[in-house]
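These notes concern the structure reproduced below.
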Amino acid sequence: MQAPLRRYRLLEARHSLGGVPLVSLLVGIAVVFFTAALIPRLPAAVNAFMERAFLIRGLDAVILVNVYTGIYMLPFFGGVAGLMRALVEPRENRSLEMLLSKPISRRAFLMARVGPVLLASSVVGLVMSLLTGLAVRPFVGEGSTVSVAGAIGSGLIFTALAVLLLCVLVGPLLLVRDAFQGLLVAFLLWMLPMIPTVVLLYRPDMYEGRERLRDLLVLGPNLLWFDASVPFLAAIVLAVACVGSWGALVLGTRVFEHAELR
């Protein structure tokens with residue numbers, strides 16, 4: 001029984017992933033090194049604006065705040081593409097009943113399709129995080145406000161957040177009936193943690209007298225403000241994200257077990 005189950009999981013993984021993880025990884029690598037090469041060549045006024053807007057200092061910090069966006073985006077939306085293929089496409093083309101006619105449980109079906117997507121997104125984020133530390137190393141020196149360890153730790157935090165949101169997304173995607181609804185839900189979920197950062201960019205006055213709230217919620221710049229604490233914080237975030245992801249998947253499994261197939 002174990003050999004057929006392994007073959008089944010392999011087939012489901014191939015269907016869910018396709019070539020998306022490889023594309024995401026290659027684009028992610030390009031984003032890291034292209035950003036590190038481009039930012040120093042931008043006009044000084046552009047970099048000065050980003051320093052003022054995000055309350056950061058130094059070219060290395062400007063590079064990192066832009067790279068972090070890519071680390072958050074690529075693992076998440078690469079994972080969304082896989083989840084759409086795995087969960088929304090069968091419902092949309094009315095093949096879900098046929099897929100579940102096999103002698104497997106809904107839980108086994110769900111884990112066989114979702115697990116590889118989450119693993120692939122984690123790998124993309126991990127590679128991008130390590131390369132971010134490598135790319136920013138030449139800019140880090142005496143008097144720098146950031147560090148290589150902080151850069152890698154921040155990348156891992158964004159990766160953990162992206163994977164956690166993908167796990168949360170599993171439940172809603174099991175209920176939507178077309179790809180547009182799924183993409184809309186995914187984008188809204190991705191954008192939610194970034195709203196405080198957008199507020200800092202366009203309405204910084206809203207944080208006047210609320211500095212502690214700003215330090216907690218403004219994702220991205222706050223990891224640069226407290227760079228020395230990031231490695232310790234990353235360990236905590238990774239642990240919390242693992243527990244949260246497990247809980248979200250358990251909830252998603254229960255949703256799937258009670259969902260109508262049509």
Side-chain angles (χ1 to χ4, degrees), residues 8-25 27-28 69-125 158-196 198 219 241-262:
Y8 166 74
R9 289 172 177 169
L10 181 59
L11 289 173
E12 291 291 6
R14 287 177 177 175
H15 173 80
S16 299
L17 296 176
V20 173
L22 180 59
V23 173
S24 298
L25 181 60
V27 173
T69 303
I71 296 177
Y72 181 42
M73 179 182 294
L74 285 166
F76 179 79
F77 284 104
V80 168
L83 292 181
M84 295 288 287
R85 285 168 57 93
L87 305 178
V88 179
E89 183 182 281
R91 184 182 290 274
E92 195 171 27
N93 61 25
R94 301 182 184 276
S95 64
L96 189 56
E97 282 185 288
M98 181 185 68
L99 292 171
L100 290 174
S101 64
K102 301 173 184 178
I104 57 168
S105 65
R106 292 193 181 190
R107 180 182 180 279
F109 171 82
L110 186 62
M111 292 301 102
R113 290 206 158 196
V114 170
V117 173
L118 300 178
L119 178 60
S121 293
S122 300
V123 170
V124 171
F158 275 104
T159 300
L161 176 60
V163 174
L164 174 60
L165 292 181
L166 288 173
C167 294
V168 173
L169 186 62
V170 168
L173 289 186
L174 289 168
L175 300 176
V176 301
R177 297 183 180 276
D178 64 69
F180 178 77
Q181 292 177 352
L183 288 173
L184 182 60
V185 172
F187 177 77
L188 292 175
L189 187 62
W190 179 83
M191 192 63 197
L192 189 62
M194 300 304 295
I195 290 177
V198 174
L219 190 61
C242 287
V243 175
S245 298
W246 175 81
L249 289 176
V250 169
L251 181 60
T253 301
R254 293 182 178 178
V255 169
F256 191 38
E257 289 174 345
H258 295 89
E260 295 183 4
L261 300 182
R262 296 183 180 274

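Computation of the quantities below employed the complete heavy-atom set of this structure, encompassing side-chain atoms and omitting hydrogens, waters and symmetry-equivalent molecules. What you are looking at is a predicted structure, and each value in this text was computed from that prediction instead of being measured.
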Determine whether [X] and [Y] make a side-chain contact, defined as any pair of heavy atoms from C-beta on separated by less than 4.5 Å.
X      : Y      : result
Val117 : Arg85  : no
Val170 : Leu110 : yes
Leu219 : Phe158 : yes
Val80  : Leu166 : yes

Distance, nearest 0.5 Å, that separates [atom1] of [X] from [atom2] of [Y]:
X      : Y      : atom1 : atom2 : answer
Leu169 : Leu164 : CG    : CG    : 11.0 Å
Leu165 : Ser121 : CG    : OG    : 11.0 Å
Ser24  : Leu74  : OG    : CG    : 6.0 Å
Leu118 : Arg113 : CG    : CZ    : 14.0 Å
Leu173 : Gln181 : CG    : CD    : 10.5 Å
Asp178 : Leu184 : CG    : CG    : 10.0 Å

Over all atoms of both residues, closest heavy-atom pair of [X] and [Y]:
X      : Y      : answer
Pro172 : Val185 : CB-CG1, 4.0 Å
Ser122 : Val163 : OG-CG2, 3.4 Å
Pro75  : Gly70  : CD-O, 3.9 Å
Pro116 : Met111 : CD-O, 3.8 Å
Leu161 : Pro193 : CD2-CB, 4.2 Å

Criterion side-chain contact (heavy atoms from CB on, under 4.5 Å) on Val114 and Leu83, from CA distance to verdict
CA-CA 7 Å; Val114 170; Leu83 292 181; 4.1 Å; yes

Look at the rings of Trp190 and Tyr72 and say which category their plane angle falls in: under 30° parallel, 30 to 60° tilted, over 60° perpendicular.
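Trp190 vs Tyr72 ring planes: parallel.
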
